[in-house]
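To start, the structure itself, in structure tokens.
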Amino acid sequence: MPAKNDNGNAALKLIVVLAVLLAAVVFARSYFSAPAVVATVARGTAVDIVTGSVVVHAEGGGGDYFPLKSELAGRVAWCEPLDPKSAGFKQGDELLRLDVDDLKREMKEAEDDYQAVIAKAKIKSEKDPRLEIAQRTADETQRLFDRGERSKNDLETAKQTLDKVATDVALENFDLKTAKDIFDRAQADRSRRLEKMTIRAPFAGKVQEVMVRPTALIGANAVVATIYANARLIVAKVSEDNIAKVQIGQPAKLRLLSIGLNEFDAKVAAVLPFADADTQRFTVYLEVADTALTPDRLVPFGTGEVTITVGEHPNQPLVPRRALFSGVDGYYVFVVKDGRVEKRKVATGLVALNKAEVKEGLAPGEQVITDNLEDFRDGQHVRVVTAK
């Protein structure tokens, strides 16, 4: 009987030892297995995107920084708005005026001279009896000729005299009209010069640099300031192999280096049908839909990038794009199942920057490794760490 008890105790002890060893093995495998950061396959909207580089331009005048020129030479009389510290200006605002005193004096003298010519001609026409005398003489000669008291030669002479006086008077009136036309054209030219001596803003904008100060003498076509428009033109460059997917109205996300990591809503406003000769990249114009992205934040020559959504598939299984890796015959993922790695081939659909659509090979709820894929192999035991 004691022998049976000893055998029973030994068996029990053996079972306990084996259980402890098994637990130790399980614990060791769990504790010492490589940690695998995983993400769960979940349904969502798969998107196809096109990326491009972005440059911000100040729209207006055909360039970012517009050289403001004076067509005429002169002395600067006023240019207060041309201050880089000012709040800016509106289209049509006066930005600079040249000294116009000499020109206004020239216009006044020309007006006075012309009025003197008019007054002289009026007096002469009121006091000039030539045409009336010549007409009476011709009429009297005609009457006497009809009575036979004057010869035909006398009549012809009287008529020729009347014609000459009438021609002289007509020429004088024509000269007066010509003088008026010359005066009007000269005054119109002076008025245009006077208008050009005030430089107005071609668009709403701000001053980047000013080159003149009051009392400064400037020449014709001199640059008085460099200005830039408030309106912005956001230009994206897209590669040749992606441009066929881009269409007007497609939504986009804009990121600018001068602002940081923030994304702003935009959309495609226009697509030019030709590529840059040097880079073979196509030009896409973007329209900012986000009111937070004001012109003040859009620095001219600022750069960034854009992602344009060119396609969507709703309610599809999605995995992080970084979970995919290439094989000789397509894409693969590492699936973690019961603590063991399984290398599995998948068929992908739309692939965006961060997410990829899986059409075959995965089901929602399964877990795939997302980080350090080069550290894992098929069949390896791992310890699951959920991706944050």
Side-chain angles (χ1 to χ4, degrees), residues 29-30 32-54 236-247 250-255 261 263 265-266 268 271 275 279-282 284 304-388:
R29 177 175 292 179
S30 174
F32 293 107
S33 295
V37 179
V38 301
T40 303
V41 180
R43 289 190 176 275
T45 300
V47 295
D48 186 14
I49 57 132
V50 167
T51 61
S53 59
V54 168
K237 296 293 185 178
V238 175
S239 64
E240 186 176 6
D241 55 343
N242 285 326
I243 193 62
K245 300 178 182 178
V246 180
Q247 297 180 5
Q250 289 174 334
K253 291 291 185 180
L254 178 67
R255 290 176 294 279
L261 299 177
E263 286 189 334
D265 293 329
V268 176
V271 181
T279 64
Q280 291 302 307
R281 291 167 69 82
F282 284 75
V284 175
E305 61 180 11
V306 65
T307 56
I308 304 170
T309 300
V310 296
E312 291 185 345
H313 291 168
N315 195 29
Q316 297 299 312
L318 303 178
V319 297
R321 183 174 178 176
R322 64 183 186 275
L324 298 174
F325 61 94
S326 299
V328 293
D329 56 349
Y331 282 111
Y332 287 81
V333 295
F334 283 133
V335 180
V336 177
K337 193 170 183 179
D338 298 329
R340 189 183 294 271
V341 176
E342 176 189 339
K343 181 181 177 181
R344 190 183 299 175
K345 184 180 180 181
V346 293
T348 59
L350 300 181
V351 178
L353 285 177
N354 300 320
K355 295 286 187 179
E357 176 189 9
V358 178
K359 301 180 75 67
E360 295 179 5
L362 282 175
E366 291 191 289
Q367 293 181 320
V368 294
I369 299 176
T370 60
D371 296 355
N372 304 316
L373 302 184
E374 66 279 1
D375 295 339
F376 302 96
R377 65 186 184 278
D378 191 27
Q380 179 181 354
H381 289 281
V382 292
R383 177 165 47 90
V384 172
V385 179
T386 304
K388 294 182 180 180

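In this text the structure is predicted, and so the values were computed from the model without any measurement.
When every heavy atom of A46 is checked against every heavy atom of L318, the shortest pair comes out as CB-CD2, 3.7 Å. Contact detail for R322 and L373: the closest heavy-atom pair is O-CD1, 3.3 Å. When all heavy atoms are compared, the tightest approach of T370 to P320 is CG2-CG, 3.8 Å. Minimum interatomic distance between F376 and P35 (heavy atoms only, all atoms of both residues): CZ-O, 3.4 Å. Taking all atoms of both residues into account, the shortest heavy-atom contact from T348 to K359 is O-CD, 3.9 Å. For A323 against V333, the heavy-atom pair with the smallest separation is O-CG1, 3.6 Å.
With Q250 contributing its side chain and K245 its backbone, the two residues share a donor-acceptor pair below 3.5 Å. In this structure a side-chain-to-backbone donor-acceptor pair under 3.5 Å is present from D378 to K343. Side-chain N or O atoms of Q316 include none that pairs as donor or acceptor with a backbone N or O of H313 at under 3.5 Å. Formation of a donor-acceptor pair under 3.5 Å by the R281 side chain with backbone atoms of K237 is found in this model. Although no hydrogens or angles enter the test, the distance criterion places no donor-acceptor pair under 3.5 Å between the side chain of R321 and the main chain of A356.
The OG1 atom of T45 lies 12.0 Å from the NZ atom of K355; values are rounded to the nearest 0.5 Å. Note that the CD1 atom of I49 and the CG atom of L350 stand 10.5 Å from one another [nearest 0.5 Å]. Within the model, atoms CG of D48 and CD of E357 stand 9.5 Å from one another, a figure rounded to the nearest 0.5 Å. Put simply, CZ on F334 and CZ on R344 are 12.5 Å apart, with the number rounded to the nearest 0.5 Å. How far CG of D338 is from NE2 of H381: 10.5 Å, rounded to the nearest 0.5 Å.
Inter-residue side-chain proximity for V382 and V336 is flagged as met; some heavy-atom pair is nearer than 4.5 Å. The shortest side-chain heavy-atom distance between V268 and V246 falls under the 4.5 Å cut-off.
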- prompt: Could you go step by step and tell me if R255 and E263 meet the salt bridge (charged side-chain N to carboxylate O under 4.0 Å, His left out) rule?
  reply: CA-CA 5 Å; R255 290 176 294 279; E263 286 189 334; 2.3 Å; yes
task: Go through V335 and V341 one step at a time and tell me if the side chain to side chain contact (heavy atoms under 4.5 Å, CB included) criterion holds.
output: CA-CA 6 Å; V335 180; V341 176; over 6 Å; no
message: Between K345 and D329, is the side chain to side chain contact (heavy atoms under 4.5 Å, CB included) condition met? List the steps.
response: CA-CA 9 Å; K345 184 180 180 181; D329 56 349; 3.5 Å; yes
message: The test is side chain to side chain contact (heavy atoms under 4.5 Å, CB included); show your working for V38 and V368 and say whether it passes.
response: CA-CA 5 Å; V38 301; V368 294; over 6 Å; no
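Within a 6.0 Å sphere centred on CD of E360, heavy atoms belonging to other residues, nucleotides or ligands number 12 at most.
Relative orientation of the F325 and Y332 rings is parallel, given thresholds of 30° and 60° on the angle between their planes.
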